[in-house]
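Remarks on the structure that follows.
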Amino acid sequence: KQLGAPGGEEAGTVWVVKGGLRIPTFLPRSTPAGQPPSPPAAGGAVAVATAAPAPKEEEVKLDGHPPNGGPVPEFAAAIRAEHAVGAPWNEGDPCAAISIGLAACSKNGKTYRCMAVPGTSVKLETDPAPNVHCLGGDASWGACNGGEFLCERNPPMKPTLLHTVFSVQPSKYFEWQVRYMAYHFNKSKQEGPLTRLLSGNHADHISPQVDTWVAPPYRHLHFDPYVPYNKPTAIIHWLRHSGVRSEYVIVVDPDCIFLRPLVTRAKDGDGVVVHLGSGRDVAVSKGKPFGQKGYMDWTKGGPFESLTKHYCPGCDKVDALAVPIVIHREDLEKIAPLWLSITEQIRADKATWNKEWNAATFALSWTAEMYGYIFAAAKLGIKHSVSDRAQEIVGFNKKVSAPILHYSLKLSMGKDKDGKDIHWHKYFENAGTVIPAAPAGQTEVVATLLSSLRDARDHLPPSTKHWSTSYFAAEA
């Protein structure tokens, strides 16, 4: 069984994970039509109760928002060389990492975990492998603790109809979002497990609480610090190595709150159904996924059209997509490698982008990964059903009718006694703890979000993690 798989305990291992859920890159956030995802505030933001320090430029980069820069020239050369020879996606060798701990790692196409082997233990790097399914001391020593060996143990997961995933980095910024997401996912009774795809080198303190698949970070982040590369990278790794056998995958962002099930089994047993806030149901089956309407709009001669012609020549009007996406696993397996490849191509060309692509209303610097998915699906001929009613965008929509709240925007909380504007936003360092009650006159969507966040905060034990990094920075 995978780390945190239903059942929770693996015979012969030294770890135990409770709870039947399998709950990683910063994900570009969906926003209203014509409004791109906004980067962390550069300064001047007023937090509720106390003002949070503005993130430094290097911290913003780690959160997936390279301010005005882009990849170094070496990145473009490396990507073009790889693509020219059709180089396969390279996930690296995560088993070379130190202190694997609870995490899985991949080596030569096989997945390993730290496991206790009765009758023997690792004492030296020269210790031989105890059996054909385990690696010797040269690989296990230092990667595992307490004498465990790295052993191959990757039976397929229990088949499920649905599996929800989202990706993050190990950071204080994502910590509370992950915990609150999992809390409300459980309350919503959405069918299927929830898995956090963690782009890092090892499992962390949340892994025993929220089901986690650890994937290696994108291989070229040292050339281009665009952390959204981690999203397709983690999804590829999860699909190839986790043993997942779910028929359909729901892809969401960590800043989403489930109020009720988004997807249920079709009554006729053929596929699944997405329940929209409009009251309409959308059928999803193999080759026919669903996607939330993204911020981009197709207009004649506009940036979406010119970007499409450049990176998806021959494609007609492509789907304008954001999360949530509901898709058959086999369709996602086809899209994911091309999704990463096209994202690389877009980013590698940053120095020569059309002026309109850099405009604040289009913001390709933040959203290249979204277009990577859109163009990959279009090239493969996979057409989505698209609607803007799968989620309520907090700060834009007013009434609650959709199954999900997506809190990507800064919210106005009125004025303080001196007449200064007060805001709440997830970019504030105290956002997960200092959560105000909705002031009088707020919309139903804002009031529901704040109530939901306070509910999670008050019912979950407080985090005892001491972060060695700043709010946005990923911990090694």
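Keep in mind that what you see is a predicted model, and the values were worked out from it rather than measured. Position 1 is the first residue of the sequence; numbering continues from there.
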Practice item. Verify side chain to side chain contact (heavy atoms under 4.5 Å, CB included) between Ile393 and Ser408, making sure each step is shown before the conclusion. Key: CA-CA 7 Å; Ile393 299 170; Ser408 56; 4.3 Å; yes

Mind telling me whether [Y] and [X] have parallel, tilted or perpendicular rings, with 30° and 60° as the class edges?
X: His163; Y: Trp238; answer: perpendicular
X: Phe472; Y: Tyr173; answer: tilted
X: Tyr371; Y: Phe375; answer: tilted
X: Tyr226; Y: Tyr229; answer: perpendicular

Evaluate the side-chain proximity of [Y] to [X]: yes if any heavy-atom separation is below 4.5 Å, no if none is.
X: Asn354; Y: His310; result: no
X: Phe223; Y: Arg347; result: no
X: Val272; Y: Val274; result: no
X: Leu276; Y: Phe290; result: yes
X: Val323; Y: Phe166; result: no
X: Asn397; Y: Arg389; result: yes
X: His275; Y: Pro261; result: no
X: Asp416; Y: Lys420; result: yes

Check your understanding: Considering residues, nucleotides and ligands other than His222, do more than 12 of their heavy atoms fall under 6.0 Å from its NE2?
Key -> yes

Counting only heavy atoms not in Lys465 (residues, nucleotides, ligands), do more than 12 fall under 6.0 Å from its NZ?
yes

When rounded to the nearest 0.5 angstrom, what distance separates [atom1] in [X] from [atom2] in [Y]?
X: Arg113; Y: Cys144; atom1: CZ; atom2: SG; answer: 11.5 Å
X: Met413; Y: His423; atom1: CE; atom2: NE2; answer: 8.5 Å
X: Ile374; Y: Cys312; atom1: CD1; atom2: SG; answer: 10.0 Å
X: Asp319; Y: Lys293; atom1: CG; atom2: NZ; answer: 10.5 Å
X: Leu364; Y: Ile346; atom1: CG; atom2: CD1; answer: 6.0 Å
X: Asp255; Y: Leu405; atom1: CG; atom2: CG; answer: 11.0 Å

Is it the case that the side chain of [X] and the backbone of [Y] share a donor-acceptor pair, with hydrogens and angles ignored and the cut-off at 3.5 Å?
X: Ser188; Y: Phe185; value: yes
X: Ser140; Y: Leu150; value: yes
X: Gln292; Y: Ala322; value: no
X: Thr448; Y: Glu444; value: yes

Shortest non-hydrogen contact from [X] toward [Y]:
X: Gly200; Y: Pro217; value: O-CD, 3.7 Å
X: Ala390; Y: Pro403; value: O-CD, 3.3 Å
X: Trp176; Y: Gly432; value: CD2-CA, 3.5 Å
X: Lys350; Y: Ser365; value: CE-OG, 3.2 Å
X: Leu162; Y: Ser246; value: O-OG, 4.0 Å
X: Ser463; Y: His205; value: OG-NE2, 4.4 Å

The single option from Ile404, Leu262, Thr264 that satisfies side chain to side chain contact (heavy atoms under 4.5 Å, CB included) with Gln190 is Leu262

For a quick check under 3.5 Å, do [X] and [Y] share a side-chain donor-acceptor pair by atom type?
X: Glu475; Y: Ser468; value: yes
X: Tyr248; Y: Glu191; value: no
X: Tyr183; Y: Asp455; value: yes

Contacts of Asp388 meeting salt bridge (charged side-chain N to carboxylate O under 4.0 Å, His left out) (sequence neighbours excluded), chain-then-number -> none

With sequence neighbours left out, the residues meeting salt bridge (charged side-chain N to carboxylate O under 4.0 Å, His left out) with Arg80 are Asp349

Can we say Arg179 and Glu175 salt-bridge, meaning some charged N sits less than 4.0 Å from an Asp/Glu carboxylate O? no

Hits for side-chain hydrogen bond (donor to acceptor under 3.5 Å, both in side chains) against Trp357, two or more places apart or cross-chain, chain-then-number order -> Ser306

### Task
Verify side chain to side chain contact (heavy atoms under 4.5 Å, CB included) between Val252 and Phe258, making sure each step is shown before the conclusion.
CA-CA 10 Å; Val252 294; Phe258 278 74; 4.1 Å; yes

Exercise for the section: List the steps and the verdict of side chain to side chain contact (heavy atoms under 4.5 Å, CB included) for Thr367 and Phe362. Expected result: CA-CA 8 Å; Thr367 59; Phe362 196 66; 5.7 Å; no

*side chain to side chain contact (heavy atoms under 4.5 Å, CB included) assessment of Trp339 paired with Glu369*: CA-CA 8 Å; Trp339 172 8; Glu369 167 269 319; 3.1 Å; yes

